[in-house]
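Quick caveat: nothing in here was measured; it's all calculated off a predicted structure. Excluded from the calculations below are hydrogen atoms, water molecules and symmetry mates; all remaining heavy atoms, backbone and side chain alike, are included. We're numbering straight along the sequence, starting at 1.
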Amino acid sequence: MSDHKGQEIHFMVNPQKFMQEVLKEVCRRRDQYGKTENIGSKKLKILVDFSSPNIAKEFHEGHLRSSVIGNSLCNLYQAAGHDVLRVNYLGDWGTQFGVLLSGYERFGDETSLESNALAHLSDVYVRANKEIKNDPTLTARASEINRHLEQGNQEYLKLWQKFREISISEYKKLYKMLGVEFDVYEGESMYYNKSTEVIDRLEEKGCIERPDSTDLVLAVYQCPKTGSRREVVLQKQDGTSVYITRDIAGALERKKRYGMDALQYVVDQRQDGHFTNLLNLLNIMEPSQSWSKGVDFYRSFGQIEGLSTREGKVLLLRDIIEDLSNAMLESMQQHDHKYSKEDCDPAELQQRALTMAISHLIYTDLRSNHNRPYKWKTELENVRSWKRRKGNVIPVQYCHARLCQLLENSALELTVNPDASMKHLISSDQTSVSALPLQLVSQIARLEDVIHEGVNQSQSYCIHHYIEHLVALIGKAYKNYIVNDKSLTLEEMEARYLLFFCARQTLSNALKLLGIPPMKKV
């Protein structure tokens, strides 16, 4: 290894003692293994803003990316010892809602709304956008409705509230399926009436320009990195608020209400410019505040190509999950399927297929650097052809289930003995097989370091890569170090049993960091 100056440091480790101490620590901490117990003054309070779908629209693959990346980052920050507040900031205000309400006036149907609310509202939104392209007067109508909404029109507010409640109810069902939870649900609607306050404060800093006789308001500042002049619209010509003004108000309120050390947004790369402006304007308003201590102010992820809500070209998450679950179920019901040997209740098998499908979606999404572009057509083909893909979650879940079966085998009559001697797993023979136990324990010992690596980079793929290596080592050790071998002494069997117990615990903990539930049976 090297020190902070790049100088090599050499030291010797007693392999037997090293293995003994690592496995004892796993046994002591169980579900908490890998997590940092106490980081003292380095502990931060981090607010993570993720998922954030626009209400009245169906949940699609784009929402999945923000949701699973944000959830995994929250898990990493908590595992590293930080306090985390998970916030879902809903897009429930602005021009797009004016478009929806104008469309609902023409295409809305109460019967369709009751039978499948989000599907109907999404269809209304797409139809309204198509009409707006051909008739500019409809754009003016949508803007007018948005203005009436901000002015408190009761008829529109009633519809807005109804659509909002429907949306949150439906989203929560999907979040539960994905294993994603939030501490707080917020929305842009909470901050639209604070736009004037934001503008006034920036005017005090000399950043406001009003270029014409309308109500248009611009924030003008010099970019600290490039030195270039930047103009940001804070208020439209008709006097209505915009996205960034509401975001500024929201950030200021969150700082005041929660007292967090860092605020992090998990967003599509196409919003990089928006969040750069947001951070710069916040620093102008409150230069003494730390907005992103210890983490990136925003963690952007690669664009998903081929998705457009306005034109209706979306792959809906519920359809993706259903399609993949059916494919998993069909495979599991085949007689030669190695992942599901025993007979079980059809409903249980269906639930396993659903869990495997969601696990696979999450694992696939988090397998590489979040910054990389996401070509969904290719990814969907990869998901459907999981048998031919390297790095998918199915063999990972199979590995965990196989270890559960081994450890719960009543015929072994063994229990976990943290003091089991490792001398039987250490050999002077330098062959690859004899080195497997030490290699496996060394990988187990790395979990906490990998967690901090992920925190430092605001990236989850570090855990994915860790799991891949861990599973590969478990597979080799499982094949070469059989526990139920009658030629072994009780002491030898206990050592192997302990090794695989700790391997399963570590694999389980690592999967949970990604938001994936470890399966006992597949």
Student: Taking 4.0 angstrom as the limit, do Lys236 and Asp238 come out as a salt bridge?
Tutor: no
Student: Under 4.0 Å between a side-chain nitrogen and a carboxylate oxygen: does that hold for Arg106 and Glu131?
Tutor: yes
Student: Side chains of Ile320 and Leu64: does their closest heavy-atom pair fall under 4.5 Å?
Tutor: no
Student: Determine whether a donor-acceptor pair (N or O, by modelled atom type, separation under 3.5 Å) exists between the side chain of Asp323 and the backbone of Asp319.
Tutor: no
Student: If we only count heavy atoms from C-beta on, is the Leu514 to Ile467 side-chain gap below 4.5 Å?
Tutor: yes
Student: Which pair of heavy atoms, one from Gln96 and one from Tyr125, lies closest together, and at what distance?
Tutor: O-CE1, 3.5 Å
Student: For the pair Gln505 and Asp31, evaluate side-chain hydrogen bond (donor to acceptor under 3.5 Å, both in side chains) and give the outcome as yes or no after the intermediate values.
Tutor: CA-CA 7 Å; Gln505 183 68 68; Asp31 289 344; 3.0 Å; yes
Student: Under the ring-ring contact (aromatic ring centres under 6.0 Å, His included) definition, can you give me all pairs with a residue in residues 204-247, not counting sequence neighbours?
Tutor: Tyr243-His274
Student: Working to the nearest 0.5 angstrom, can you tell me the gap between Thr196 OG1 and Glu203 CD?
Tutor: 11.0 Å
Student: Where do Asn392 and Glu468 come nearest, in terms of heavy atoms and distance?
Tutor: O-OE2, 4.4 Å
Student: So does Asp296 get a backbone contact from the side chain of Gln264, meaning a donor-acceptor N/O pair under 3.5 Å?
Tutor: yes
Student: Is there a side chain to side chain contact (heavy atoms under 4.5 Å, CB included) between Ile248 and Leu282 once you walk through the steps?
Tutor: CA-CA 7 Å; Ile248 293 171; Leu282 286 170; 4.1 Å; yes
Student: How far apart are the C-alpha atoms of Asn146 and Tyr156, what are their side-chain angles, what is the distance that settles it, and do they pass the side chain to side chain contact (heavy atoms under 4.5 Å, CB included) test?
Tutor: CA-CA 9 Å; Asn146 183 45; Tyr156 292 133; over 6 Å; no
Student: Taking side chain as C-beta onward, heavy atoms only, is Arg299 less than 4.5 Å from Asn371?
Tutor: yes
Student: Using 4.0 Å as the upper bound for N to carboxylate O, is an ion pair formed by Glu58 and Arg318?
Tutor: yes
Student: Test side-chain hydrogen bond (donor to acceptor under 3.5 Å, both in side chains) on Thr245 and Tyr191; report intermediate values, then the result.
Tutor: CA-CA 8 Å; Thr245 321; Tyr191 303 109; over 6 Å; no
Student: Of the non-hydrogen atoms in Ser67 and Tyr175, which two are nearest, and what is the gap between them?
Tutor: OG-CE2, 3.8 Å
Student: Please determine, by modelled atom types, if Tyr298 and Thr276 share a side-chain donor-acceptor pair under 3.5 angstrom.
Tutor: yes
Student: Any idea which heavy atoms bring His464 and Leu366 closest together, and the distance?
Tutor: CB-O, 3.6 Å
Student: Say whether, by atom type as modelled, one donor and one acceptor occur between the side chain of Gln235 and the main chain of Asp215 under 3.5 angstrom.
Tutor: yes
Student: Return the minimal non-hydrogen interatomic distance between His82 and Lys42, and the atom names on each side.
Tutor: CE1-O, 3.3 Å
Student: Is the shortest distance from a Lys or Arg side-chain nitrogen in Glu170 or Lys173 to a carboxylate oxygen in the other one below 4.0 Å?
Tutor: yes
Student: Judged by atom type as modelled, is there a donor-acceptor pair below 3.5 Å linking the side chain of Asp92 to the main-chain atoms of Ile55?
Tutor: no
Student: Does a salt bridge link Glu144 with Arg141, judged by any charged N lying under 4.0 Å from a carboxylate O?
Tutor: yes
Student: For Ser51 versus Ser66, what's the shortest heavy-atom pair and its separation?
Tutor: N-OG, 2.8 Å
Student: Classify the ring geometry between Tyr461 and His370 as parallel (under 30°), tilted (30 to 60°) or perpendicular (over 60°).
Tutor: perpendicular
Student: Taking the side chain as everything from C-beta on, heavy atoms only, tell me whether Glu105 gets closer than 4.5 Å to Ile145.
Tutor: yes
Student: The test is side-chain hydrogen bond (donor to acceptor under 3.5 Å, both in side chains); show your working for Arg86 and Gln78 and say whether it passes.
Tutor: CA-CA 11 Å; Arg86 301 163 184 250; Gln78 287 180 313; 2.9 Å; yes
Student: When rounded to the nearest 0.5 angstrom, what distance separates OH in Tyr258 from CD in Glu253?
Tutor: 8.0 Å
Student: Can you tell whether the side chains of Arg246 and Glu186 come within less than 4.0 Å, N to carboxylate O?
Tutor: no
Student: Any chance NZ of Lys512 has more than 12 other-residue heavy atoms, nucleotides or ligands included, within less than 6.0 Å?
Tutor: yes
Student: Assess the pair Tyr89 and Tyr265: is the distance between their ring centroids shorter than 6.0 Å?
Tutor: no
Student: So Asn153 and Arg147, side-chain hydrogen bond (donor to acceptor under 3.5 Å, both in side chains) or not? Walk me through it.
Tutor: CA-CA 9 Å; Asn153 180 286; Arg147 185 171 65 254; over 6 Å; no
Student: Do Cys74 and Phe50 touch side chain to side chain, with heavy atoms closer than 4.5 Å?
Tutor: yes
Student: With distance as the sole test, does Gln289 use its side chain to make a donor-acceptor pair with the main-chain N or O of Lys255 at under 3.5 Å?
Tutor: no
Student: Considering only heavy atoms from C-beta outward, does the side chain of Asp268 approach that of Arg65 to under 4.5 Å?
Tutor: no
Student: Lys45 side chain to Gly259 main-chain N or O, any donor-acceptor pair under 3.5 Å?
Tutor: no
Student: Measure the spacing between CG of Asn71 and CG of Leu76 and express it to the nearest 0.5 Å.
Tutor: 10.0 Å
Student: Could you walk me through whether Asp247 and Phe275 pass the side chain to side chain contact (heavy atoms under 4.5 Å, CB included) check?
Tutor: CA-CA 9 Å; Asp247 270 4; Phe275 285 97; 4.2 Å; yes
Student: For a 4.5 angstrom cut-off between non-hydrogen side-chain atoms, does Leu138 reach Ser102?
Tutor: no
Student: Give, for atom CG of Leu263 and atom CG of Leu278, the distance between the pair rounded to the nearest 0.5 Å.
Tutor: 7.5 Å
Student: Is the side chain of Thr355 donor-acceptor paired with the backbone N or O of Gln351 at a distance under 3.5 Å, no angle test?
Tutor: yes
Student: Go through the structure and list residues passing side chain to side chain contact (heavy atoms under 4.5 Å, CB included) with His452, not counting sequence neighbours.
Tutor: Thr36, Ala80, Glu448
Student: Output yes when a side-chain donor or acceptor of His465 lies under 3.5 Å from a complementary backbone atom of Arg367, and no otherwise.
Tutor: yes
Student: Taking it one step at a time, do Arg28 and Glu25 satisfy salt bridge (charged side-chain N to carboxylate O under 4.0 Å, His left out)?
Tutor: CA-CA 5 Å; Arg28 182 179 75 85; Glu25 182 69 1; 2.9 Å; yes
Student: Any sub-3.5 Å donor-acceptor pair from Glu209's side-chain atoms to Cys207's backbone N or O?
Tutor: no
Student: Quick one: list whatever passes side chain to side chain contact (heavy atoms under 4.5 Å, CB included) with Glu231, sequence neighbours left out.
Tutor: Leu218, Val220, Arg229
Student: Around atom CD of Glu181, are there more than 12 heavy atoms of other residues, nucleotides or ligands at under 6.0 Å?
Tutor: no
Student: Given 3.5 Å as the limit, does a donor-acceptor pair link the side chain of Ser169 with the main chain of Ile166, or not?
Tutor: no
Student: Could you give me the CA-CA distance, side-chain angles and deciding distance for Val295 and Val48, then say whether side chain to side chain contact (heavy atoms under 4.5 Å, CB included) is met?
Tutor: CA-CA 10 Å; Val295 298; Val48 183; over 6 Å; no
Student: Whether Asp449 and Arg446 form a salt bridge (side-chain N of Lys/Arg under 4.0 Å from carboxylate O of Asp/Glu) is what I want to check.
Tutor: no
Student: Could you check whether any side-chain heavy atom of Asp365 comes within less than 4.5 Å of a side-chain heavy atom of Leu361, counting everything from C-beta outward?
Tutor: no
